[in-house]
Amino acid sequence: MWSPVEKTALAEAEIEYYDHTSTTIWVRFPVVTASVPALRGASVVIWTTTPWTMPGNRAVAAGPEFDYALVHVDAVAEGSLARVGEKLLIALPLLPQVVQDTGIATHHVEHVFKGEALAGTILAHPLRGRGYEQDTPLLLADFVTTDAGTGFVHIAPGHGEDDFHLGRANGLEVPETVGDDGTFNAWVPLFAGAHVYKAADPVCAALTEAGALLARGTIRHSYPHSWRSKKPLIFRATPQWFIRMDGPEHIRQKALAAIDATVFVPDQGRNRIGSMVAARPDWCISRQRAWGVPITIFVEKRTGQPLRDPAVVARIVAAFETEGADAWYSSPASRFLGPDRNPDDYEQVMDIVDVWFESGSTHAFVLEKRGLPWPADLYLEGSDQHRGWFHSSLLEAVGTRGVAPFKAILTHGFVMDEQGRKMSKSLGNVTAPDEVANKYGADILRLWVMSSDTTEDLRIGPEILKQQAELYRRLRNTLRWLLGSLDGFTEDERVPVAEMPELERWVLHRLTELDAKIRSAVESYDWTGVYPELHNFCAVDLSAFYFDVRKDAIYCDRPDSLRRRAARTVLDHLHRCLTTWLAPVLCFTAEEAWGARFGDDSSVHLELFPDLPHDWRDDALAAKWETIRAIRRRITVPIEEARAAKTIGASLQAAVTLKLAPDEAELLNAAEWAEVAIVSAVHPVAGGSDDPAAIAPAPGEKCARCWRVLPEVGSVAVHPTLCLRCADAVDSGLVCRAVA
RNA sequence: GGGCUGGUAGCUCAGCGCCAGAGCACACGCUUGAUAAGCGUGAGGUCGGACGGUUCAAAUCCUCCCCGGCCCA
């Protein structure tokens with residue numbers, strides 16, 4: 001679309017639609033050569049809302065499937081421009097409306113033809129004899145409709161996209177009837193110098209004089225306007241610069257091969273950009289704007305060919321490097337053409353380059369000039385850039401270097417509201433990032449991203465953010481408990497893996513599984529589900545199981561006990577892994593948790609992900625502990641029933657009779673089952689693998705220190721409220737005691 | 001209108017031919033030595049719609065429709 005006011009082409013985004021009143025005309029195109037004899041002496045009737053496009057007419061189009069009526073006019077209303085006795089061709093479905101609009105009082109249909117039967121008919125331009133002598137072929141086109149008009153579309157190849165393509169397909173010329181300012185060019189017969197906005201009257205006058213005008217009216221319809229001047233636009237074909245896709249350079253073919261060689265995250269991107277490249281037309285890289293990067297071409301006036309002279313190019317480059325691209329406008333052409341060429345022989349192109357062309361050139365100066373490897377490892381953007389940056393970068397790199405400028409492309413979706421709808425002020429569903437950061441903190445915002453499937457559209461809103469805040473709390477509390485339980489931990493306390501209890505080795509195994517997931521995500525760029533899994537690990541494996549089980553050892557064992565030291569060694573590994581793994585997302589939280597142990601002079605953001613020893617991995621152990629946790633549920637469920645029956649309260653008040661199938665009997669001993677189930681006693685007995693455990697109140701007294709209910713409590717005389725383990729711990733002198 | 005793409009519990013997501021899953025939220029209970037915390041148990045879905053097709057078997061494959069998204073027209 002072209003704005004005669006600003007004298008520039010406009011992009012789709014710069015067009016606004018308003019109601020506009022246009023002059024409509026019905027025009028006769030006399031048949032010169034008929035495809036069927038009955039058409040002799042008849043006229044084809046077209047209807048258009050743009051009378052000013054008549055000088056640019058070069059064809060008339062009909063729909064191949066429609067029925068067209070050859071109408072004999074028998075009588076006309078007063079003032080009608082129709083003539084009694086004339087024969088007109090009009091689409092049958094539209095005939096009643098056309099008859100009414102043109103004031104034909106009575107008529108009869110002599111013949112009905114299929115549109116395809118009309119092909120080959122040659123018409124005369126309505127202004128033949130007045131400078132419009134060319135033939136007007138009647139062509140068939142799928143875009144013709146019978147929604148309005150006459151069923152015949154007047155084709156001006158310079159003033160409509162369908163018109164242009166139909167014209168090209170049929171070898172029609174594309175006359176440039178209208179100039180930049182919206183006036184007819186000097187060569188245009190009858191109308192030279194007239195402005196297209198004021199052309200309706202002269203065009204109608206000329207048509208009337210020629211006897212071609214059948215009727216005239218007005219229509220109010222939605223019409224494109226410039227966003228800046230609010231003035232109506234016109235469709236105008238103008239010469240442009242293109243990069244051809246299928247020339248000897250084989251850009252399309254090479255681009256498709258480059259797409260095959262690229263990694264796409266997600267892989268659907270390959271499909272998307274692939275089908276675009278396969279179907280796209282030649283790339284129009286020129287724009288007519290007052291401001292922008294110039295297309296630095298001189299066209300030789302004599303031949304119409306672009307000048308290809310390395311010396312000229314070198315002068316242009318030298319000028320631009322020191323003065324910038326404005327040198328193109330501020331310097332005389334002779335500066336670039338050099339002493340051997342006459343500036344009068346050349347036309348300097350003043351078009352600017354499409355901004356997408358500029359975006360596509362980034363790889364050329366961002367990578368090599370900074371000593372970075374080419375091609376880039378990754379291009380990352382929203383999915384809209386399949387047609388934007390990815391696309392232009394691909395075509396330019398393929399054109400200049402034969403391959404894509406990237407090894408991989410990662411795309412993410414768009415951020416929607418909680419219903420998956422686009423955010424808009426009018427809907428009031430906008431969530432702004434800075435508001436999230438202010439209310440919840442930037443860590444939450446990042447956590448939300450990592451909890452979402454970024455390959456698709458993301459959703460955000462109050463409820464979703466609230467949930468993220470909950471997830472965050474669990475992560476933060478996990479770190480906080482680790483820090484408290486690791487207080488005073490030193491290297492002397494560390495226990496080698498081989499000496500650790502199975503439970504500790506199981507945790508280390510779990511770390512190797514998570515480590516593998518994270519390293520895989522780093523390699524593949526696919527982080528979907530990684531942080532939810534970390535959260536799951538913290539909530540289910542650590543908080544609800546490992547931490548809960550080991551609180552007894554951490555809080556109550558002698559500090560020099562192997563069990564407690566092993567647990568604290570594992571907590572140390574957990575702290576290092578979790579802080580570094582969380583650091584890219586929970587930047588502030590992870591840094592805080594790191595600094596709490598290693599001082600504020602250090603930073604988790606300077607750490608690498610820990611390298612975990614291969615021998616931590618133990619799949620057999622993992623399987624065994626999966627089984628143990630399943631059996632554990634045979635205890636927790638009946639405990640809940642005992643609670644409901646008021647038999648017990650806390651699980652440590654329970655003594656459990658656990659029925660184990662033969663293959664389950666060797667998994668753990670009685671003390672270990674009690675430890676894992678966090679009860680005071682477990683009595684394993686033979687049974688089936690579906691049998692729930694029996695729950696009874698544990699006999700004995702509650703140890704004041706560890707809360708286990710044991711018969712032995714009170715058996716050490718100096719510690720009447722303690723169990724044996726706690727009495728020993730206190731007597732060891734290694735634990736804190738209240739100051740007397 | 002076209003290309004690409006999605007629609008599974010309140011929420012975020014897994015499953016992608018063979019008994020509907022996880023975490024969170026929710027309910028109830030326990031705990032009070034992670035406490036603006038912790039533990040346990042439970043309820044919750046006709047997998048967008050089609051008394052549509054293929055199959056011994058479909059959330060999973062095919063067709064049509066509805067709703068949403070990005071890019072074009």
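Values below: every heavy atom of this structure, side chains too, minus hydrogens, waters and symmetry copies. Below, chain A is the first sequence line, B the second, and so on; all start at residue 1.
In this structure, the ring of A:W506 has its center less than 6.0 angstrom from the ring center of A:F545. A ring-centre distance under 6.0 Å is not found for A:W283 and A:F242. Ring pair A:F598/A:H575: centre-to-centre distance below 6.0 Å.
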- Task: Would you mind building the protein contact string for nucleotides 29-36 of chain B? One character per nucleotide, 5' to 3', B for base within reach (heavy atoms under 4.0 Å), S for sugar-phosphate only, - for untouched.
- Result: BSSSBBS-
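For the C1' atoms, the distance from B:C16 to B:U8 is 11 Å, rounded to whole Å. Between B:C13 and B:G6, the two P atoms lie 14 Å apart (nearest whole Å). Nucleotides B:G10 and B:U46 are separated by 8 Å at their P atoms, to the nearest Å. B:G7 and B:G23 have their P atoms separated by 22 Å, with the value rounded to a whole Å. With both ends at atom P, the span from B:G15 to B:G38 equals 29 Å, rounded to whole Å. A gap of 14 Å separates the P atoms of B:G21 and B:G42, to the nearest Å.
Across all strands, A:H535 comes closer than 4.0 Å only to sugar-phosphate atoms, never to a base (heavy-atom distances). Here A:Q467 lies in heavy-atom contact (under 4.0 Å) with a base.
A close approach under 4.0 Å does occur between a side-chain nitrogen or oxygen of A:N271 and OP1 or OP2 of B:U5.
Mapping A:R459 and A:Q385 onto RNA chain B by nearest heavy atom places A:R459 at the nucleotide closer to the 5' end.
The stretch residues 417-424 of chain A comes close to RNA chain B through A:G420, A:R421, A:K422, each having a heavy atom under 4.0 Å from the strand.
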